[in-house]
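Here the structure comes first, spelled out in structure tokens, and everything after it is commentary.
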There are 2 protein chains.
Amino acid sequence: MAQSGENNQIERIAQATAHALGRRGYYGTTLQQIADAVGLTKPGLLHYVGNKQGLMQLTLEWYDSSVKVSIVLAQYRTREQDPHAIYSMPSALRGIVQFNALRPDHVRMFSILNAEAISAESPFHEYFQNRDRTLVRDFLNYRWKAPEGTDLAAVLSTAFNAMDGVQIRWLHDPRHTDLNALWRQTERTIFPLPQWEPYM
Amino acid sequence: MAQSGENNQIERIAQATAHALGRRGYYGTTLQQIADAVGLTKPGLLHYVGNKQGLMQLTLEWYDSSVKVSIVLAQYRTREQDPHAIYSMPSALRGIVQFNALRPDHVRMFSILNAEAISAESPFHEYFQNRDRTLVRDFLNYRWKAPEGTDLAAVLSTAFNAMDGVQIRWLHDPRHTDLNALWRQTERTIFPLPQWEPYM
DNA sequence: GTCTATACAAAGATAGAC
DNA sequence: GTCTATCTTTGTATAGAC
């Protein structure tokens with residue numbers, strides 16, 4: 001994909017906004033901060049985004065496209081690209097965590113917006129409600145290998161909930177914490193051995 | 001404990017602040033909102049709290065004291081008050097969840113501040129860092145019954161992480177979601193039967 | 001496409017009267 | 001203990017020049 005000069009500018013804006021949102025959330029993020037970060041004045045920035053709402057939408061769209069890359073990557077890590085392939089759930093989740101460990105800025109933004117979205121006033125309220133409804137469902141569309149009698153929906157749901165919690169703990173003190181190590185500990189509880197041994 | 005008129009006023013302030021924090025977080029919460037909620041002007045409110053930082057401290061202390069009530073209650077629900085008693089971990093966690101289901105305002109506040117505390121600029125950064133360091137440790141001081149070979153720290157840690165995630169999902173759509181039901185699903189994954197059957 | 005200038009509201013906070 | 005009045009800074013946003 002060739003990138004025009006304007007798209008590049010928009011990507012810089014989105015990136016700066018994601019960073020700011022991860023530090024102070026929606027209400028603590030100001031147009032001035034973003035304008036400074038990308039070397040524009042406030043009206044200069046508003047030329048691109050219209051208003052604060054537009055800035056959020058732009059950033060969310062950009063984030064969504066980057067998330068898709070993450071999912072592709074996670075699949076790649078399972079080394080199976082065939083749509084009829086049978087996947088290892090622990091391995092896929094490990095792939096997501098590994099990817100997230102490399103982009104703390106995204107995870108920071110996601111964690112804060114996810115919490116702010118509790119309130120119906122949040123511009124992200126519907127976005128995260130929708131995510132809650134679809135995340136587990138989407139993953140259930142793949143064919144997973146698992147021990148007999150496993151409640152796949154329950155396991156996936158618990159895993160994603162625990163992942164959100166683990167990521168926040170990691171980011172509270174990223175210098176003394178290793179996301180991948182934290183997840184390995186979580187994994188041992190959610191996918192206990194020896195039952196999951198053949199499916200890791 | 002007898003309550004003077006001033007303490008009562010302070011409690012009203014703390015309660016209004018907790019509610020506001022749960023809606024818009026630290027940066028979205030203003031002195032004006034709190035002043036309106038308790039029927040004061042901004043300077044009237046500042047007479048009690050000094051500045052915004054003081055308002056936060058006041059609220060956090062009030063919240064902490066209410067959390068202690070929660071722990072007492074959770075123990076009570078296990079029907080064992082003897083310090084040498086042996087506790088059921090699923091049952092204790094269920095008690096906490098049951099209690100939280102009755103105070104969505106507190107959980108909302110906690111969830112948002114916990115996420116905002118990712119940033120070192122947050123007035124709550126150290127508070128939540130400290131909580132992360134001590135929460136599991138404190139619970140390990142009790143005597144828990146569990147299957148042979150269980151990694152109690154890993155299980156507790158995963159349970160609390162999942163609980164944070166579950167609570168946010170619940171609050172995203174509390175009308176169509178039941179926290180206790182969500183937790184029962186999580187519980188079945190973290191404490192799988194039949195191994196945990198005798199310890200529920 | 002980006003700026004200066006500007007409008008207007010609201011933020012946190014203080015002085016000082018009652 | 002609570003108010004009015006006020007200060008200063010910062011927020012989102014627009015008009016209009018270049």
Side-chain angles (χ1 to χ4, degrees), chain A residues 2-60 62 109 112-113 116 119 121-125, chain B residues 2-60 62 109 112-113 116 119 121-125:
Chain A
Q3 300 248 323
S4 77
E6 169 157 337
N7 268 338
N8 226 315
Q9 184 74 302
I10 284 181
E11 190 175 342
R12 290 181 64 226
I13 292 171
Q15 211 155 348
T17 307
H19 181 76
L21 286 172
R23 292 203 314 163
R24 294 160 153 265
Y26 174 71
Y27 296 105
T29 293
T30 70
L31 297 173
Q32 188 67 69
Q33 292 164 22
I34 314 304
D36 289 349
V38 297
L40 288 173
T41 58
K42 279 190 285 183
L45 171 61
L46 283 166
H47 165 72
Y48 287 98
V49 301
N51 54 30
K52 193 175 179 179
Q53 186 59 248
L55 179 66
M56 295 304 129
Q57 205 172 316
L58 180 90
T59 306
L60 212 56
W62 169 80
M109 175 180 82
I112 295 197
L113 297 187
E116 286 184 339
S119 172
E121 310 163 53
S122 159
F124 303 97
H125 184 64
Chain B
Q3 300 246 326
S4 78
E6 169 155 340
N7 269 340
N8 227 314
Q9 185 75 302
I10 284 181
E11 191 175 342
R12 289 182 62 227
I13 292 171
Q15 212 154 348
T17 308
H19 181 77
L21 287 172
R23 292 201 314 162
R24 294 159 152 264
Y26 174 72
Y27 296 106
T29 294
T30 71
L31 297 173
Q32 188 68 67
Q33 292 164 22
I34 314 303
D36 290 348
V38 298
L40 287 173
T41 57
K42 277 192 287 183
L45 171 61
L46 284 166
H47 164 73
Y48 287 97
V49 302
N51 53 30
K52 192 175 179 179
Q53 185 60 247
L55 179 65
M56 295 303 130
Q57 204 172 316
L58 181 91
T59 306
L60 211 57
W62 169 80
M109 176 181 80
I112 295 196
L113 297 187
E116 286 185 338
S119 172
E121 309 162 53
S122 160
F124 303 97
H125 185 64

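So you know, we letter chains A, B, ... as the sequences are listed, proteins then strands, and number each from 1.
- Taking every side-chain heavy atom of B:Y48 into account, D:dG1 is the closest of D:dT12, D:dG1, C:dG1.
- Computed from coordinates, the A:I34 CD1 to D:dG11 P distance equals 11 Å when rounded to whole Å.
- Residues of residues 12-30 of chain A having a heavy atom closer than 4.0 Å to DNA chain D, listed by number: A:T29, A:T30.
- Rounded to whole angstrom, the span from the NE2 atom of B:H47 across to the P atom of D:dT2 amounts to 6 Å.
- A:L46 has its CG atom 15 Å from the P atom of C:dG1, to the nearest Å.
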Inset, instruction - Mind running side-chain contact (heavy atoms from CB on, under 4.5 Å) on A:M56 and A:T17 for me, showing each step along the way? - result: CA-CA 8 Å; A:M56 295 304 129; A:T17 307; 4.2 Å; yes
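- Distance CG (B:L45) to P (C:dG12): 10 Å, rounded to an integer number of Å.
- Using a 4.5 Å heavy-atom cutoff, the side chains of A:L46 and A:L31 are in contact.
- Taking every heavy atom of residues 35-44 of chain A and every atom of DNA chain D, pairs under 4.0 Å involve A:K42, A:P43, by number.
- Judged purely by distance below 3.5 Å, without hydrogens or angles, the side chains of B:R12 and B:Q15 never pair a donor atom with an acceptor atom.
- Here the P atom of nucleotide D:dG11 and the CE atom of A:M56 are 13 Å apart, to the nearest Å.
- The minimum heavy-atom distance linking B:T59 with B:L55 is given by the pair OG1-O, 2.8 Å.
- Summary of the strand contacts: A:G50 and A:Q32 both lie near DNA chain D, and taking for each the nucleotide with the nearest heavy atom, the more 5' one is attributed to A:Q32.
- Of all heavy-atom pairs between B:Y26 and B:E116, the closest is N-OE1, 3.0 Å.
- The shortest side-chain heavy-atom distance between A:R24 and A:T30 does not fall under the 4.5 Å cut-off.
- Rounded to an integer number of Å, the gap from A:L31 CG to D:dG11 C1' is 8 Å.
- Between B:Q9 and D:dT2 there is a side-chain N or O to OP1 or OP2 distance below 4.0 Å.
- Comparing C:dA13, D:dA13, D:dG1 against the side chain of A:K52 picks out D:dA13 as the nearest.
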